Amino acid sequence: MRAHSSATAAPAIAVTTDAERPGLGVLQAALGVTAFSLTFPATAWGLEGFGPWSLVAVRSVLAALIAGACLLVLRVPLPDRRHWAGLAVVGTGVVLGFPLLTTLALRTSTTAHAAVVVGLLPLTTALLSALRVGTRPSRTFWIAALAGAAAVVAFTVQQSGGALTTADAFLFAALLVCAAGYTEGGRLARIMPGWQVIGWALVLCLPLAVPLTAVALAYEPVELTAHSVTGVLWLAAGSQFLGLVVWYRGMAAIGIPKASQLQLAQPLLTLVWSVLLLGEHLTVAAPLTAAAVLVCIAVTQRARG
């Protein structure tokens, strides 16, 4: 009984401390965005050796094993029954839905075009947050958010030549499910530490991910190369676990709408990684868009809800 009490008391202290340190929350959310910005390039690497279904399944299983080991070693008690529905939303949206839909899209789409969905994600997350948890950002916040989203979308669409592809259906669906997962995860991160939110969501998806992995590996050929192995390891440890840990902690500290606006910089970071890792080329519009996005982020951070 004594060990259980100390285990449950520590998370409450951690959540309260983070909420009282908004500067740390901004840093954590920014680290999460940086981790996420590598997701599409890492997916492109992973697809060099894995099929889309096996890549998503393997990354989910590996991430769940990492999370489960952390939960087990630290003897974290099971969440209350009332939180499992929210964790299921996080798992469906962030652990399985978004990775699968974007991976399917990246079979025929460039990383630049796929970044459109990331440019729209902050606005969608803020909208779902307003509906789900009752947040009411100010008019200035919304104007800056819309302007930033428009700048990112215009830039990424221009980068892809302005043509819509069949991958867009996957990208728009990924946008919705991921925003739902972020919103629910940010709400739960006010109740329990962010790493436990994504940790339990990953573990919850494990019974589905394991048989999916077995079936996918049986039907999709796998070629283990330096790129494919590096890609799947980063997706599992970086994007799927560590990135979401700091991201949810950041959302809990500074609020879902403001944290989501930091993601306006994610498409531009993704394009930078695409140049360095995939050999893609940027246009002269990149620094202009980056400056516009930074202004929008500064405005949303100062705006009061």
Side-chain angles (χ1 to χ4, degrees), residues 28 30-74 90-91 93-107 111 114-115 118 174 178 181 185 194-249 266 269-280:
Q28 290 171 330
L31 288 174
V33 169
T34 302
F36 300 153
S37 70
L38 283 160
T39 299
F40 287 167
T43 300
W45 274 8
L47 285 172
E48 293 180 14
F50 291 84
W53 291 88
S54 58
L55 177 61
V56 172
V58 169
R59 68 180 275 188
S60 298
V61 169
L62 291 177
L65 292 177
I66 296 172
C70 293
L71 293 167
L72 184 63
V73 169
L74 295 176
V90 176
V94 177
V95 176
L96 295 177
F98 185 80
L100 177 60
L101 291 167
T102 53
T103 299
L104 291 172
L106 284 171
R107 291 182 305 167
T111 57
V118 178
C178 188
W195 77 271
Q196 292 184 21
V197 174
I198 185 58
W200 286 118
L202 284 164
V203 171
L204 186 63
C205 293
L206 194 57
L208 180 61
V210 169
L212 177 61
T213 300
V215 173
L217 290 176
Y219 285 92
E220 293 180 339
V222 174
E223 182 180 355
L224 297 181
T225 64
H227 277 183
S228 63
V229 172
T230 301
V232 74
L233 289 178
W234 174 258
L235 291 171
S239 299
Q240 197 90 38
F241 184 63
L242 295 178
L244 285 168
V245 166
V246 292
W247 172 245
Y248 281 138
R249 289 177 69 91
Q266 185 174 328
L269 288 173
T270 298
L271 291 172
V272 171
W273 296 126
S274 297
V275 170
L276 297 177
L277 301 177
L278 304 177
E280 296 185 5

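Sequence positions, counted from 1, serve as the residue numbers for this chain. Keep in mind the model is a prediction, meaning the values are calculated, not measured.
Between the side chains of Thr270 and Ser37, no donor N or O sits under 3.5 Å from an acceptor N or O. Side chains of Ser228 and Glu48: no donor on one and acceptor on the other come within 3.5 Å. If you check the side chains of Trp45 and Thr230, you find no donor sitting under 3.5 Å from an acceptor.
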Intermediate values then yes/no, side-chain contact (heavy atoms from CB on, under 4.5 Å), Thr102 and Thr43 = CA-CA 9 Å; Thr102 53; Thr43 300; 5.6 Å; no

After noting the C-alpha distance and the side-chain angles of Leu244 and Phe36, does the key distance pass the side-chain contact (heavy atoms from CB on, under 4.5 Å) rule?
-> CA-CA 8 Å; Leu244 285 168; Phe36 300 153; 3.5 Å; yes

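Once rounded to the nearest 0.5 Å, the distance linking OG1 of Thr39 with CG of Leu269 reads 11.5 Å. Note that CH2 of Trp273 and OG1 of Thr34 are 8.0 Å apart. Values are rounded to the nearest 0.5 Å. Between Leu233 atom CG and Ser239 atom OG the span is 11.5 Å, to the nearest 0.5 Å. In this structure, CZ in Phe40 is found 14.5 Å from CG in Leu277, a value given to the nearest 0.5 Å. Taken to the nearest 0.5 Å, the CD atom of Gln196 stands 6.5 Å off from the CG atom of Leu71.
Looking only at distances, a side-chain donor or acceptor of Gln240 sits under 3.5 Å from a matching main-chain atom of Val95. Of the possible donor and acceptor atoms, none in the side chain of Arg59 sits under 3.5 Å from a partner among the backbone N and O of Val56.
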